Amino acid sequence: MTKQTKISFIKPAAPKSGVAVAFAAEGLGLGAMTAEFLKNMTGGLERAAAVAKFTGKKSSTLDLIAPAGLAVDRLIVVGLGKPEELGEQDWLKLGGTVMGALDSAKAADATVLAEIAGEGDLSAEALAAFAMGAKLRAYKFDTYKTKKADDDSGPSSLKLQIAVPDPRPVKKAWAAADGIADGVYLARDLVNEPPNALGPVEFADKAAALKKLGVEIEILGEKEMKKLKMAALLGVSQGATRPPRLVIMRWNGGKKNDAPLAFVGKGVVFDTGGISIKPAAGMEEMKGDMGGAAAVTGLMHALAARKAKANVVGVIGLVENMPDGNAQRPGDIVKAMSGTTIEILNTDAEGRLVLADAMWYTQDRFKPAFMIDLATLTGAVIVALGNHNAGLYSNNDDLADKLKSAAGETGEAVWRMPLSPDYDKLIDTPNADVKNTGGRWAGSITAAQFLQRFANDKPWAHLDIAGTAFGSPKNEINQGWASGYGVRLLDRLVSSFYEK
Ligand code: BES
Ligand code: MN
Ligand code: ZN
């Protein structure tokens, strides 16, 4: 059912069928467009633009059906605004906008004439970003639809060719971007999957499929985790029938002795809250409570697909948080792998318990250069930042700055939040070393303070992605529920700062 989209780069040739897409800079006058084959219909184009009041404003489109003088069935002119002002994110969004227009046009075959009047050739980076935006927009999760919707008479595939004078450099840039986009697809699929289909075992199987890209996989079950004394993670899982998994993914693309970069993901395949059960309304969203683990898995896919020159380890803790006769209780005290004792005050604050053991294990075993965890950790971060920024916490300014830089480039935004001993006091308890909730105020911060105790003072950053992993408003590059947030951000962190 999923529409197949095949994107390729070709040398310019007048398209003879399907949909042609051309770019127009703002205020240039459409007659000045260089795309050679459009000259045949210049007059008609100017009149159409005048009638539609199309001036080339960024992301506006002019849609001409059966354009006189051209062999194509349709011509879509896309406004660029001022081309010299276009950055990577603009190109990404423009690609998304074009894919949206092609989708509405039910196109099966389209050619983008990627040139701008009066400008030099577009950079390979700009074109790869454009193509990635198109691919991200084309994503649909319709695995479980057995019938097409009545209004969906579109084709089952789209061949999108992007015509540029010299396709060679952009083909290389696109090969990498295409792999990154596949990583985003994988992360979105994992988050969108219904929870009955994706338990810890099924998730681990999907991660194991990365073997075919050269990722080394290890999967730990309950027995192995018991041996490692991961009582914090196992306590969350103990009310569930489906057994937990810890998956370790390794990509060794760097120098043999370079310390790896580590990414750790919260993978609660479904979060009922446990005995501190959540209200019914909206609980279905908690199928996405493995968004951190999905981002780490998607990232490993991206890095392996583009053969990143770095050593990277991804660790995901996969559990289900269920209430039953054997479930963990408020008041229970567990001893984490680190030796820290934790008093459980609310079984719905389970993500930090999973991460406590996954993080400790990761730093202890791999001695990474840094460790970044991703988690749909708190409702409080959504109150603070909404859907537009992940909460960033770090014990290391350099790492935080690098993340901010990668966020600025990719548009996967982060906003740094504070850590301090004052907040740390909020999770002290007379009964154990730490308690798993800090009360009503500063909920996202006290969760981060909790995690910090399991980073063992190593360079560490935490991304609370509860507001960004799913449920964001539709935009140019995502029309679905899961966003795949984090894959592009962390791939860029690696490529900009750790591959030389
Ligand atoms: N998975 C939730 C956080 C969440 C909420 C993610 C909404 C995405 C959307 C987490 O396990 C949770 O339940 N957190 C509690 C913590 C509280 C009990 C201290 C919360 O945020 O209410
Ligand atoms: Mn919870
Ligand atoms: Zn949760």
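Position 1 is the first residue of the sequence, and the numbers go up from there. Remember, it's 1-based here, ligands and their atoms both numbered in the order they're listed. Keep in mind that this is a model prediction, so the values were computed, not measured.
Sorting the N, O or S atoms of Glu350 by how far they are from the Zn ion (ligand 3) puts OE2 first. The minimum distance between the Mn ion (ligand 2) and any N, O or S atom of Glu350 involves atom OE1. When the Zn ion (ligand 3) is compared with the N/O/S atoms of Asp289, atom OD2 turns out nearest. Among the heteroatoms counted here (N, O or S) of Asp271, OD2 is the one nearest to the Mn ion (ligand 2).
Taking 2.8 Å as the threshold, Lys266 counts as a candidate ligand of the Zn ion (ligand 3), since one of its N, O or S atoms lies below it. Residue contact annotation: Asp271 places an N/O/S atom under 2.8 Å from the Zn ion (ligand 3).
In terms of polar-atom proximity, Lys278 is counted as a contact of ligand 1, with an N or O under 3.5 Å from an N or O of the ligand. Considering backbone and side-chain atoms together, Thr378 places no N or O closer than 3.5 Å to any N or O of ligand 1.
Side-chain polar atoms of Ser276 and Asn346 form a donor-acceptor pair below 3.5 angstrom. Counting only N and O atoms by type, the side chains of Asn321 and Asp271 include a donor and acceptor under 3.5 Å apart. Residues Gln328 and Thr347 have side chains that never bring a donor and an acceptor to within less than 3.5 angstrom of each other. For Asn456 and Gln363, the side-chain atoms include at least one donor-acceptor pair closer than 3.5 Å.
Residue nearest to atom 9 (C) of ligand 1, selected from Glu350, Arg440, Met286: Met286 (by heavy-atom distance). Of the candidates Gly379, Gly273, Gly351, the one placing a heavy atom closest to atom 5 (C) of ligand 1 is Gly379.
Using a 30° and 60° split on the angle between ring planes, Phe470 and Trp481 fall in the parallel class, below 30°. The aromatic rings of His462 and Trp460 sit parallel to each other, their planes meeting at less than 30°, with 60° as the upper class boundary.
Residue Ile382 touches ligand 1 through its side chain alone, judged by heavy-atom distances below 4.0 Å. Of all the heavy atoms of Asp348, the ones lying under 4.0 Å from any atom of ligand 1 are found in both the backbone and the side chain.
Under a 4.0 Å criterion applied to the non-hydrogen atoms of Lys266, ligand 1 contributes the atoms 1 (N), 10 (C), 11 (O). Those atoms of ligand 1 with a heavy atom of Ala466 less than 4.0 angstrom away are 6 (C), 8 (C). Atoms of ligand 1 found under 4.0 Å from any heavy atom of Thr437 (numbered from 1 in listed order, with element): 19 (C). Annotation for ligand 1: atoms under 4.0 Å from non-hydrogen atoms of Phe470 are 8 (C). In the vicinity of Asn346, heavy-atom distances shorter than 4.0 Å reach the ligand 1 atoms 18 (C).
Cation-pi geometry between Arg188 and Tyr139 is met: under 6.0 angstrom from the ring centre, within 45 degrees of the axis.
Between Lys135 and Asp182, at least one side-chain N (NZ, or NE/NH1/NH2) sits under 4.0 Å from a carboxylate O, which counts as a salt bridge. The residues Asp373 and Lys266 are annotated as not salt-bridged, no charged nitrogen and carboxylate oxygen being separated by less than 4.0 angstrom.
Using a 4.5 Å heavy-atom threshold, the side chains of Phe270 and Met290 count as separate.
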Check: residues 223-232 side-chain donor-acceptor pairs under 3.5 Å, at least two apart:
{"residue": "Glu224", "atom": "OE1", "partner": "Gly221", "partner atom": "N", "Å": "2.9"}

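For atom 22 (O) of ligand 1, the nearest protein heavy atom lies 4.0 Å or farther away.
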